[in-house]
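Worksheet: the structure to be examined is printed underneath.
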Amino acid sequence: MQISQLARQNIQALTPYQSARRLGGQGDIWLNANEYPISPNFELNNRTFNRYPEPQPQAVIERYATYAGVSPYNVLVSRGGDESIELIIRAFCELNDSILYCPPTYGMYAVSAETCGIASKTVPLTADFQLDLEQIAQNLEGVKVVFVCSPNNPTGTLIKRLDLIQLLQMTQNKAIVVVDEAYIEFCPEATMVNELKNYPHLAIIRTLSKAFALAGLRCGFTLANKELINVLQKVIAPYPLPVPVADIAAQALLPQGIFAMRQQVQMIVSECENLQKNLKNLPLVEQVFESHGNYLLVKFNDGQKVFQTLWEQGIILRNQHTALGLENCIRITIGTAEENKKLFEAIETMSP
């Protein structure tokens, strides 16, 4: 018998999340993973490697709470936002429950649910990438967790605040609503943090991977009311953050680290606006969607050809052609000014 046949049936059938690194590629311009293009520089202060780390490092929790405008008991730190997704599913879903999400959106909601043996329901976003509240209401039977990404990946759109409030109202005493704010630093005014006091079933996912330029750190957060955080504390691993990760995360959350992050955001926003303006003028571009993240979703006349041509030139983007409603679309991470210039010139040379 093959070892794979001993795996659970749902794992045998599982298609793993196709991360940027899993998809590979060869090149020197990497614009496919929504990373910040330049690494910050930190030196380790804590070198106590012979001891297990704190279960929830106090300095990280307190500093992130201050940054986010909540109390420390409203914060749980985890191995990236991805672990938060899985923790919530494991903590709240029985085997006969479902999650609900709205494609096109981040792929890990479905993968984490399938890994846990939990069914998924989907209600596609509307043509303008907003929630279809009427269809969501009709599909809430048996749903224990609803995932909404805002700003949404890969579309870059913000979900309307009033629609999120209506979703929270229709799910009261029925389901947990998770708002994934991985890209919220690029539009901080849109956060749902101030709604935590009104909705005990609201959980917000955050990360240091994007605006803080620390994707390699794998440090994420769940913001929620104390009771919800306490439930997640029951299922999280005993020592989720290694000592070096906690050390660097705590440094990044000092005032000077937050100041540096905001400067990084300004640079990315400025570059994003320039690239968006330039791409709109190219004849092979059908549409450049408005973005509130560190990436652009672009629809081309022939997205497959554009993606492959750039791939062969060492410019690695994220093909969204197979995502629901995103035929011929490519997601482009905003890089440095030089990288963005090379990208634009490469696309421009392909124009008829």
More than 12 heavy atoms of other groups within 6.0 Å of Phe259 CZ: no
For the residue pair Tyr183 / Asn34, report whether a side-chain donor-acceptor contact shorter than 3.5 Å exists. yes
Near Gln138 CD, under 6.0 Å, is it more than 12 heavy atoms from other residues, nucleotides or ligands? yes
Kindly say whether Met267 contributes a backbone atom to a donor-acceptor pair with the side chain of Ser270 at under 3.5 angstrom? no
Can you check whether Ile99 reaches Cys93 side chain to side chain, under 4.5 Å on heavy atoms? yes
Whether Asp163 side chain and Gln130 backbone form a donor-acceptor pair below 3.5 Å: no
Spatial distance of atom CD (Glu185) from atom NE2 (His292) [nearest 0.5 Å]: 15.0 Å
If you look at every heavy atom in Asp132 and Pro124, which pair is closest and at what distance? CB-O, 3.9 Å
Is it true that Tyr73 and Leu241 fall in one hydrophobic cluster, defined by side-chain heavy atoms closer than 4.5 Å? no
How about Phe307 and Phe300: are their ring centroids closer than 6.0 Å? no
Looking at Glu227, I'd like to know if its CD atom is crowded, meaning that more than 12 non-hydrogen atoms belonging to other residues, nucleotides or ligands lie closer than 6.0 Å. no
Less than 4.0 angstrom from a charged side-chain N to a carboxylate O is my criterion; do Glu195 and Arg161 meet it? yes
Just verifying a value: how many Å separate Cys149 SG and Ile159 CD1, rounded to the nearest 0.5 Å? 8.0 Å
If we only count heavy atoms from C-beta on, is the Tyr106 to Val111 side-chain gap below 4.5 Å? no
Does the side chain of Arg331 pick up a donor-acceptor pair with the side chain of Asn32 at under 3.5 Å? no
Can you tell me if Thr157 and Asn152 form a side-chain donor-acceptor pair at under 3.5 Å? no
Nearest 0.5 angstrom please: Leu100 CG to Gln135 CD, how far? 10.5 Å
Please name the pair of heavy atoms, one in Thr333 and one in Ala33, separated by the smallest distance, quoted to 0.1 Å. OG1-N, 3.5 Å
Quick one about Ser84 and Ser78 (side-chain donor to acceptor, distance below 3.5 Å, no hydrogens or angles considered), yes or no? no
Kindly say whether Pro255 contributes a backbone atom to a donor-acceptor pair with the side chain of Arg63 at under 3.5 angstrom? no
Exactly one candidate in Asn274, Leu343, Leu284, Val288 meets side chain to side chain contact (heavy atoms under 4.5 Å, CB included) with Leu279; the answer is Val288
Under 4.5 Å between any side-chain heavy atoms of Val177 and Tyr199, yes or no? no
State yes or no: are the ring centers of Phe212 and Tyr67 separated by less than 6.0 Å? yes
Could you tell me whether Glu134 atom CD has more than 12 heavy atoms of other residues or ligands within 6.0 Å of it? no
Would you compute the distance between atom OG1 of Thr222 and atom CG of Asn74 and round it to the nearest 0.5 angstrom? 11.5 Å
Determine, step by step, whether Leu76 and Gln233 satisfy the side-chain contact (heavy atoms from CB on, under 4.5 Å) criterion, reporting the C-alpha distance in whole Å, the side-chain angles of both residues, the deciding distance to 0.1 Å, and the verdict. CA-CA 8 Å; Leu76 183 81; Gln233 291 271 26; 3.6 Å; yes
Flag, side chain of Lys121 to backbone of Glu141, donor-acceptor distance under 3.5 Å: yes
Apply the test side-chain contact (heavy atoms from CB on, under 4.5 Å) to residues Tyr64 and Val77: give CA-CA distance (whole Å), side-chain angles for both, the deciding distance (0.1 Å), then the verdict. CA-CA 9 Å; Tyr64 198 85; Val77 64; over 6 Å; no
Check whether any side-chain heavy atom of Val148 sits under 4.5 Å from a side-chain heavy atom of Tyr101, and report yes or no. no
Backbone of Lys305 reached by a side-chain donor or acceptor of Asp302 within 3.5 Å: yes
If you group Ile, Leu, Val, Met, Phe, Trp and Tyr by side-chain heavy-atom gaps below 4.5 Å, do Ile184 and Ile204 land in one group? no
Determine the minimum heavy-atom distance between Pro240 and Arg79, stating which atoms define it. O-CG, 3.0 Å
Given side chains that start at C-beta, do those of Phe147 and Ile85 come closer than 4.5 Å, heavy atoms only? yes
Report the C-alpha separation of Thr105 and Asn153 in whole Å, then their side-chain angles, then the decisive distance to 0.1 Å, and conclude whether the side-chain contact (heavy atoms from CB on, under 4.5 Å) test is met. CA-CA 5 Å; Thr105 193; Asn153 174 18; 5.9 Å; no
Tightest non-hydrogen contact, residues Ala113 and Ile89, listed as N-CD1, 3.6 Å
Which atoms form the tightest heavy-atom contact between Ile334 and Pro37, and what is the distance? O-CD, 4.1 Å
Asn50 atom CG, neighbour heavy-atom count above 12 within 6.0 Å: yes
Any donor and acceptor pair, going by atom type alone, linking the side chain of Glu35 with main-chain N or O of Lys210 inside 3.5 Å? no
Assess the residue pair Leu223 and Val75 against the criterion (side-chain contact (heavy atoms from CB on, under 4.5 Å)); give the C-alpha distance rounded to whole Å, side-chain angles, the decisive distance to 0.1 Å, and a yes or no. CA-CA 5 Å; Leu223 307 180; Val75 180; 3.7 Å; yes
Side-chain H-bond candidate by donor/acceptor type, Glu286 with Asn328, under 3.5 Å: no
Got more than 12 heavy atoms from elsewhere within 6.0 Å of NZ, Lys197? yes
Would you kindly confirm whether Val265 and Ile38 end up in one hydrophobic cluster when ILVMFWY residues are joined by side chain heavy atoms under 4.5 Å apart? yes
Hydrophobic cluster identity match, Ile165 and Met170, side-chain contacts under 4.5 Å: yes
Side-chain H-bond candidate by donor/acceptor type, Glu271 with Asn340, under 3.5 Å: yes
Residue Gln58 excluded, over 12 heavy atoms near CD under 6.0 Å: no
Only one of Arg90, Lys174, Lys144 forms a salt bridge (Lys or Arg N to Asp or Glu O under 4.0 Å) with Asp97, so which one is it? Lys144
Any chance you could measure Glu86, atom CD, to Ile118, atom CD1, to the nearest 0.5 Å? 11.0 Å
As a quick check of understanding, evaluate salt bridge (Lys or Arg N to Asp or Glu O under 4.0 Å) for Glu338 and Lys342, giving each step before the final call. CA-CA 6 Å; Glu338 182 182 4; Lys342 288 181 179 178; 3.5 Å; yes
Separation of Met261 CE from Leu253 CG (nearest 0.5 Å): 8.5 Å
Taking CZ in Arg51 as the centre, count heavy atoms belonging to other residues, nucleotides or ligands within less than 6.0 Å. Is the count above 12? no
Residues Asp128 and Thr126: side-chain donor-acceptor under 3.5 angstrom: yes
Do the side-chain N and O atoms of Arg206 and Thr191 include a donor-acceptor pair separated by under 3.5 angstrom? yes
Do the side-chain N and O atoms of Asp180 and Tyr109 include a donor-acceptor pair separated by under 3.5 angstrom? yes
One thing to verify: whether Asp82 and Arg218 come together as a salt bridge, which I'm taking to mean a side-chain N less than 4.0 angstrom from a carboxylate O. yes
Is the shortest distance from a Lys or Arg side-chain nitrogen in Glu273 or Lys277 to a carboxylate oxygen in the other one below 4.0 Å? no
Glu339 side chain vs Thr336 backbone, donor-acceptor pair below 3.5 Å: yes
Judged by atom type as modelled, is there a donor-acceptor pair below 3.5 Å linking the side chain of Glu327 to the main-chain atoms of Lys299? no
Are Val235 and Ile205 in one and the same hydrophobic cluster, where Ile, Leu, Val, Met, Phe, Trp and Tyr link if side-chain heavy atoms are under 4.5 Å apart? yes
